[in-house]
**Q** 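Following this message is one structure expressed as structure tokens.
Residue indices begin at 1 and follow the sequence shown.
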Amino acid sequence: MAANNRRMSGKKGAQVGSGGQRRRGLEGKGPTPPAEMRKGHKKNRVANAKAKQAVRRPVARGRGGKGTSEMVVGRNPVVEALREGVPAVTLYVQQFIDNDERVREALQLVADRGGVHLMEAPRPELDRMTNGLNHQGLVLQVPPYEYAHPEDLASAAYDEGQDPLIVALDGVTDPRNLGAAVRSVSAFGGHGVLVPERRAAGMTAGAWKSSAGTAARTPVARCTNLTRALEAYKKQGIAVVGLAADGEHEVGELAALGGPVVIVVGSEGKGLSRLVGETCDYRVRIPMPGGAESLNAGVAAGIVLYEAARRRA
């Protein structure tokens with residue numbers, strides 16, 4: 001017991017060996033690592049922050065991203081979407097549904113097309129999928145749209161040995177107008193449509209239907225900032241022509257439409273936004289002897305595209 005007390009006291013006495021730890025501790029650890037590699041050093045924190053930013057930073061070129069998946073709900077809308085060739089992933093059919101003519105046509109269209117999954121689901125599940133909308137036993141899942149990058153539209157034209165002919169929509173929120181613009185671009189040999197990411201219509205099922213199938217061969221690009229995208233086109237030598245009721249030029253008099261051009265169409269109510277209007281090289285008006293105040297975006301784009309195509313012929 002006395003021995004134990006001696007060992008636990010603060011007096012120096014016999015010590016257990018270090019096992020060589022002290023000797024190894026005296027050995028050198030090699031050259032000092034650079035500051036960027038020393039944990040806790042300011043330069044190390046800066047280097048780590050730059051590395052994280054590089055991982056998060058998006059690439060400058062590439063696709064314009066994907067839209068969101070969409071549900072077309074109801075018997076008539078589903079049948080119309082399938083008739084118009086709207087892309088589809090899955091057709092959900094309610095269990096024990098009344099098999100009327102529209103249901104039979106939807107099933108036949110899916111069978112004829114191929115590549116569309118057919119799923120049977122109980123009514124509560126369809127109610128949940130559609131947030132309680134009146135689906136009438138038919139729900140069509142539309143895949144996310146793959147948007148192009150704005151530079152892809154001009155590149156595709158140059159690859160074909162042609163001057164770019166592009167339509168940009170500024171503040172157009174009705175998908176049917178977007179679909180109509182896509183249809184007009186396709187009809188007059190254009191190379192695509194450009195839309196902003198926010199506060200603008202996207203390629204929904206409604207836009208697909210309005211395009212009458214032309215969206216399958218006419219790309220739609222999406223940009224984060226329309227003004228910057230137009231500035232980038234201008235640096236490539238592409239003229240930016242905006243449609244405005246008080247434009248300085250009439251559409252039939254503007255020679256620039258015969259060359260590389262982006263035609264910018266504003267919303268039916270507000271027209272071009274201020275910054276976009278200031279970015280345009282030219283502002284043109286469409287004469288309307290009938291006295292109409294404005295045209296919807298699809299019709300206006302079609303008129304100017306016709307003039308551009310006529311000058312290129």
Side-chain angles (χ1 to χ4, degrees), residues 64 67 70 72 76-88 142 145-148 150 153 156-157 164-223 226 229-230 240-245 247 251-252 257 261-273 276 280 284-288 290 292-310 312:
E70 183 187 2
V72 179
N76 286 335
V78 166
V79 170
E80 290 172 7
L82 290 170
R83 284 176 184 167
E84 295 295 341
V86 173
V142 178
Y145 181 80
E146 296 244 5
Y147 290 95
L153 305 184
L165 177 56
I166 300 166
V167 168
L169 301 181
D170 176 25
V172 175
T173 57
D174 189 338
R176 294 171 295 182
N177 275 333
L178 170 56
V182 170
R183 188 173 183 177
S184 295
V185 168
S186 177
F188 293 109
H191 300 100
V193 177
L194 175 64
V195 297
E197 281 186 6
R198 292 177 294 179
R199 296 185 292 276
M203 281 304 297
T204 62
W208 268 96
K209 286 163 59 178
S210 296
S211 77
T214 58
R217 58 182 182 272
T218 302
V220 175
R222 192 168 60 174
C223 60
L226 183 58
L230 295 176
V240 177
V241 176
L243 297 188
V251 65
L257 290 173
V261 65
V262 179
I263 300 164
V264 189
V265 184
S267 64
E268 186 173 346
K270 298 180 180 179
L272 298 176
S273 61
V276 169
C280 294
V284 300
R285 63 184 183 276
I286 299 173
M288 291 183 285
E293 292 184 2
S294 62
L295 300 170
N296 69 45
V299 173
I303 292 171
V304 186
L305 284 165
Y306 167 77
E307 177 62 21
R310 184 187 70 80
R312 293 161 182 251

**Q** Between Gly192 and Thr218, what is the shortest heavy-atom contact and its length?
**A** CA-CG2, 4.1 Å
**Q** Indicate yes or no for a side-chain donor-acceptor contact from His191 to the backbone of Ile166 under 3.5 Å, with no hydrogens or angles considered.
**A** no
**Q** Could you walk me through whether Val195 and Val220 satisfy the side-chain contact (heavy atoms from CB on, under 4.5 Å) test, starting with their C-alpha distance in whole Å, then the side-chain angles of each, then the deciding distance to 0.1 Å, before giving a yes or no?
**A** CA-CA 7 Å; Val195 297; Val220 175; 4.1 Å; yes
**Q** Going by the rule salt bridge (charged side-chain N to carboxylate O under 4.0 Å, His left out), which residues pair with Glu307 if we only count those two or more places apart in sequence or in a different chain?
**A** Arg310, Arg311
**Q** How many angstroms lie between CD in Glu84 and OG1 in Thr214, if you round to the nearest 0.5 Å?
**A** 10.0 Å
**Q** Any side-chain heavy atom of Val304 sitting closer than 4.5 Å to one from Leu243?
**A** yes
**Q** Considering non-hydrogen atoms only, spot the tightest contact between Cys280 and Leu272 and give its length.
**A** SG-CD1, 4.3 Å
**Q** Under the side-chain hydrogen bond (donor to acceptor under 3.5 Å, both in side chains) definition, can you give me all pairs with a residue in residues 166-178, not counting sequence neighbours?
**A** Asp170-Ser273, Asp174-Arg176
**Q** Between Val251 and Leu257, does a side-chain contact (heavy atoms from CB on, under 4.5 Å) hold up when you go through it step by step?
**A** CA-CA 9 Å; Val251 65; Leu257 290 173; 4.0 Å; yes
**Q** Between Ser186 and Val182 (side chain of the first, backbone of the second, donor and acceptor by atom type, cut-off under 3.5 Å), is there such a pair?
**A** no
**Q** Looking at CZ of Arg183 and NZ of Lys209, how far apart are the two atoms once the value is rounded to the nearest 0.5 Å?
**A** 13.5 Å
**Q** Do any N or O atoms from the side chain of Tyr147 and from the backbone of Gly202 form a donor-acceptor pair under 3.5 angstrom?
**A** no
**Q** Could you go step by step and tell me if Leu230 and Val264 meet the side-chain contact (heavy atoms from CB on, under 4.5 Å) rule?
**A** CA-CA 9 Å; Leu230 295 176; Val264 189; 4.1 Å; yes
**Q** Considering non-hydrogen atoms only, spot the tightest contact between Val72 and Ala205 and give its length.
**A** CG2-CB, 3.5 Å
**Q** Using every non-hydrogen atom in the two residues, find where Leu295 and Val299 come nearest and quote the distance to one decimal.
**A** CD1-CG1, 4.2 Å
**Q** Say whether, by atom type as modelled, one donor and one acceptor occur between the side chain of Ser210 and the main chain of Ala207 under 3.5 angstrom.
**A** no
**Q** Please find the pair of heavy atoms, one from Val172 and one from Ala297, that lie closest to each other, and give the distance.
**A** CG2-CB, 3.9 Å
**Q** Dump the intermediate steps for side-chain contact (heavy atoms from CB on, under 4.5 Å) on Leu165 and Val261, then the final yes or no.
**A** CA-CA 5 Å; Leu165 177 56; Val261 65; 3.6 Å; yes
**Q** Would you check if Pro219 and Leu153 make a side-chain contact, meaning some heavy-atom pair closer than 4.5 Å?
**A** yes
**Q** Which heavy atom of Ala301 sits nearest a heavy atom of Val265, and at what distance?
**A** CB-CG2, 4.1 Å
